Each structure stands twice: as C-alpha cells, then as structure tokens.
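Read through the structure below, which is laid out as structure tokens, and then see the notes.
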Amino acid sequence: MNKTETNTVEPMREYLVVRSRRLAYLLRKDGYQIDKVEPNRFKPEFDVYKFRMVPGIREAFVKHMKEEHERKMHKAS
C-alpha cells in the first residue's frame, strides 16, 4: 500500500445505537435483545438503545427504516 491509499475497511462496531423507541421495539420483536439503555447525550429526556452487533441486525434495521420511511411518505400523501 502506498502513502496515497487509505484503509477502506471500517472496523466492526460493538453496538448498533438506536434512538427511536419504535425501531427498538421492532428489533426486539425480531428477536434481538437490547444490551444497554442510556440517556441520549443531546436530548437527555430521551433514551438510546444499544444492541450488540450480531449477524443480521444491520439488515433488519435497514429494512425497518425503509418501512418507516414508506409509512411516513404514504401518510403525508
């Protein structure tokens, strides 16, 4: 690797952090367990939900995000 190339491999994160209570609920419904619940640093009146990064959780998260977006777009029309 020369000096101009950069390492493009992102290290595996330990947690998937979810700010939405609804998305956390849907992930729990899919069988994933919440590992930690902490106050949101920027909005302390809300919580963040930390899920361990296990196989399939990112795909489930993306699927639920798309469904949520479609639901909001359908509701707006």
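Note that the coordinates shown come from a computational prediction; the quantities given were computed from them, not determined experimentally.
Within 6.0 Å of CZ on Arg41 lie no more than 12 heavy atoms contributed by other residues, nucleotides or ligands.
In this structure Lys43 satisfies the side-chain contact (heavy atoms from CB on, under 4.5 Å) test together with Asn40, Glu45, Phe46, sequence neighbours excluded. For Met53, the side-chain contact (heavy atoms from CB on, under 4.5 Å) partners are Met12, Leu16, Ile57, Arg58, not counting sequence neighbours.
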Name the atoms and distances for all side-chain donor-acceptor pairs under 3.5 Å in residues 32-39, with sequence neighbours left out.
unit_1 : atom_1 : unit_2 : atom_2 : d
Tyr32  : OH     : Gly56  : O      : 3.2
Asp35  : OD2    : Tyr15  : OH     : 3.0
Asp35  : OD2    : Arg52  : NH2    : 3.4
Glu38  : OE1    : Lys50  : NZ     : 3.3

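Within the structure, every pair that satisfies the salt bridge (Lys or Arg N to Asp or Glu O under 4.0 Å) test and touches residues 18-30, not counting sequence neighbours, is listed here: Arg22-Glu68.
How far NE2 of His64 is from CG of Leu26: 5.0 Å, rounded to the nearest 0.5 Å.
The closest side-chain heavy-atom distance from Leu27 to Phe61 is below 4.5 Å.
Of the residues Lys72, Arg71, Met73, the one that meets the side chain to side chain contact (heavy atoms under 4.5 Å, CB included) test with His69 is Met73.
When hydrophobic clusters are built by joining Ile, Leu, Val, Met, Phe, Trp and Tyr residues whose side-chain heavy atoms come closer than 4.5 Å, directly or via intermediates, Val48 is not grouped with Tyr25.
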Could you go through Val18 and Phe51, starting from their C-alpha distance and side-chain angles, then the distance that decides it, and tell me whether this counts as side chain to side chain contact (heavy atoms under 4.5 Å, CB included)?
CA-CA 8 Å; Val18 178; Phe51 292 85; 3.9 Å; yes
